Protein chains: 2
Amino acid sequence: MNSIFLYFKKFHEISTDSQNAISLISTTISVKKNTILQPIGHACKTIYFIKKGLARIYYFKDDLEITESFAFENSIIARAESLFSKNPSRKAIQVLENTELIAIDAIALFKLYDSYPEIERLFRLIFENAYIDTINRIENIQFHTADERYTFLITESSDIIKRVSLKLIASYLGITPVSLSRIRAKN
Amino acid sequence: MNSIFLYFKKFHEISTDSQNAISLISTTISVKKNTILQPIGHACKTIYFIKKGLARIYYFKDDLEITESFAFENSIIARAESLFSKNPSRKAIQVLENTELIAIDAIALFKLYDSYPEIERLFRLIFENAYIDTINRIENIQFHTADERYTFLITESSDIIKRVSLKLIASYLGITPVSLSRIRAKN
DNA sequence: AACAATTCTTTACAAATGATAAGAAATTGA
DNA sequence: TCAATTTCTTATCATTTGTAAAGAATTGTT
């Protein structure tokens with residue numbers, strides 16, 4: 001459980017009291033490669049912290065799988081649009097390796113906000129940061145070629161190639177696997 | 001000043017006390033069409049509420065202008081990625097009509113968070129909502145054709161065509177004006 | 001080890017989009 | 001109002017990406 005509080009510290013210091021409150025609504029779980037943590041169609045009620053392993057959020061466009069995002073060790077993954085809107089999510093969370101996670105009960109967490117303002121602040125700062133990432137991703141998609149986006153991805157997280165299939169990377173870049181193969185062949 | 005508190009009410013009810021505190025750090029301004037409210041290269045220190053008129057956030061890719069977002073009456077516009085990271089923004093805010101705004105001093109606002117938890121909560125909820133919009137926009141860009149994105153845009157906000165030049169709409173859709181003309185000719 | 005299934009690459013062709021240029025339409029400013 | 005500027009459309013050609021199919025490479029399973 002320690003790793004998550006180290007992660008939290010980067011955003012906002014919280015008291016041992018607050019840490020205990022969060023611990024009480026959190027559980028550590030281990031899941032096997034390819035497990036669907038959260039299926040499509042239900043409101044998101046869990047925030048995951050990845051201790052070890054790797055996960056993605058994906059959805060379907062017609063019968064094509066599209067990867068919205070990847071999340072690696074020491075990061076948080078949640079379907080924020082459903083978490084905040086309370087609407088059922090069209091997206092699923094899947095683990096791509098044998099993965100160890102801490103699952104935080106989001107409903108219980110939001111209740112903690114009333115009695116622990118520093119917890120509210122902590123998660124405000126965490127999600128503000130996630131918001132920044134999402135804004136930057138739009139900039140990245142909007143006026144960069146697939147080639148540029150691929151090059152950017154492998155410089156940003158160079159080991160993604162080793163850990164994620166090119167099929168999933170293509171769907172993340174918004175292109176077909178065939179198109180990604182062509183790009184890779186050129187470079 | 002009333003319109004902004006009506007807007008706030010949709011997210012979170014706050015006391016008259018909190019409203020007054022916000023009023024004290026806000027000013028109403030009127031600016032002429034095409035005015036640059038916030039230039040590129042400075043950290044974002046102002047959150048705007050649009051009472052009347054229309055604005056956009058844009059940036060440059062090489063010497064090409066790209067519109068990241070539009071904001072209409074009764075909505076908030078701010079360069080969130082700079083607001084939260086405190087880094088200088090590569091983006092500018094420009095008004096596209098003669099526009100009336102309420103400018104909120106963001107530095108002062110963030111200070112209010114300590115003494116008025118309900119103000120912190122209010123803006124948390126406002127930006128959570130903006131975050132949802134941004135996530136949905138990625139989904140919209142990532143696997144929809146330019147044609148689909150255009151059709152979606154005009155059904156979502158039908159008067160945008162009357163108020164914004166096609167050149168800017170094209171840059172928002174991530175295509176060239178020439179390509180947008182072709183799409184419009186087909187439909 | 002051997003087979004099956006999946007992933008990745010390559011090829012050929014089709015469709016969409018970009019770049020450039022030219023002209024029409026609309027807007028702006030003196 | 002008239003000229004100048006900007007915006008919008010159309011056309012042509014080049015480039016990129018998609019689709020479909022086939023085979024190679026890899027992975028998983030028994």
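Lettering follows sequence order; numbering is per chain, from 1. Just so we're clear, the structure is a prediction, and the values are computed from it rather than from any experiment.
Using a 4.0 Å cut-off between charged side-chain N and carboxylate O, B:Arg124 and B:Glu118 make no salt bridge. Between A:Asp114 and B:Arg121 there is a salt bridge, since a side-chain N of the basic residue sits under 4.0 Å from a carboxylate O of the acidic one.
Two residues are said to be in side-chain contact when any heavy atoms from C-beta on lie closer than 4.5 Å; B:Lys111 and B:Ile25 fail this criterion. Residues A:Leu101 and A:Phe49 form no side-chain contact, since every pair of their non-hydrogen atoms from C-beta on lies 4.5 Å or further apart. Looking at heavy atoms from C-beta onward, A:Phe70 lies in side-chain contact with A:Ile160 at the 4.5 angstrom threshold.
Protein atom CD of A:Glu65 is 13 Å distant from nucleotide atom P of C:dT6, rounded to whole Å. Taking atom CG of residue B:Leu96 and atom C1' of nucleotide D:dT7, one finds them 15 Å apart after rounding to whole Å. Distance, B:Leu173 CG to C:dT17 P: 11 Å, rounded to whole Å.
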Per-nucleotide protein contact string for nucleotides 16-24 of chain D (B base, S sugar-phosphate only, - none; heavy atom under 4.0 Å): -SBBB----
Annotated protein contacts, base or backbone, on nucleotides 22-30 of chain C with a non-hydrogen cut-off under 4.0 Å, one of B, S, - each: ------S--
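Among the heavy atoms of the strands lying under 4.0 Å from B:Ser181 is at least one base atom, whether or not backbone atoms are also near.
Taking the ring centroids of A:Phe8 and A:Phe123, they lie under the 6.0 Å cut-off. Between B:Phe127 and A:Phe127, the distance from one ring center to the other does not fall under 6.0 angstrom.
Side chains of B:Thr28 and B:Glu100: no donor on one and acceptor on the other come within 3.5 Å. Between the side chains of B:Ser18 and B:Ser15, at least one donor-acceptor pair of N or O atoms lies under 3.5 Å.
The cationic group of B:Arg56 lies under 6.0 Å from the six-membered ring centre of B:Tyr58 and within 45° of the ring axis, placing it in a cation-pi geometry.
Summary for the helix from C:dA1-D:dT30 to C:dA30-D:dT1: the axes at its two ends, each from 5 pairs, differ by 60° when rounded to the nearest 10 degrees.
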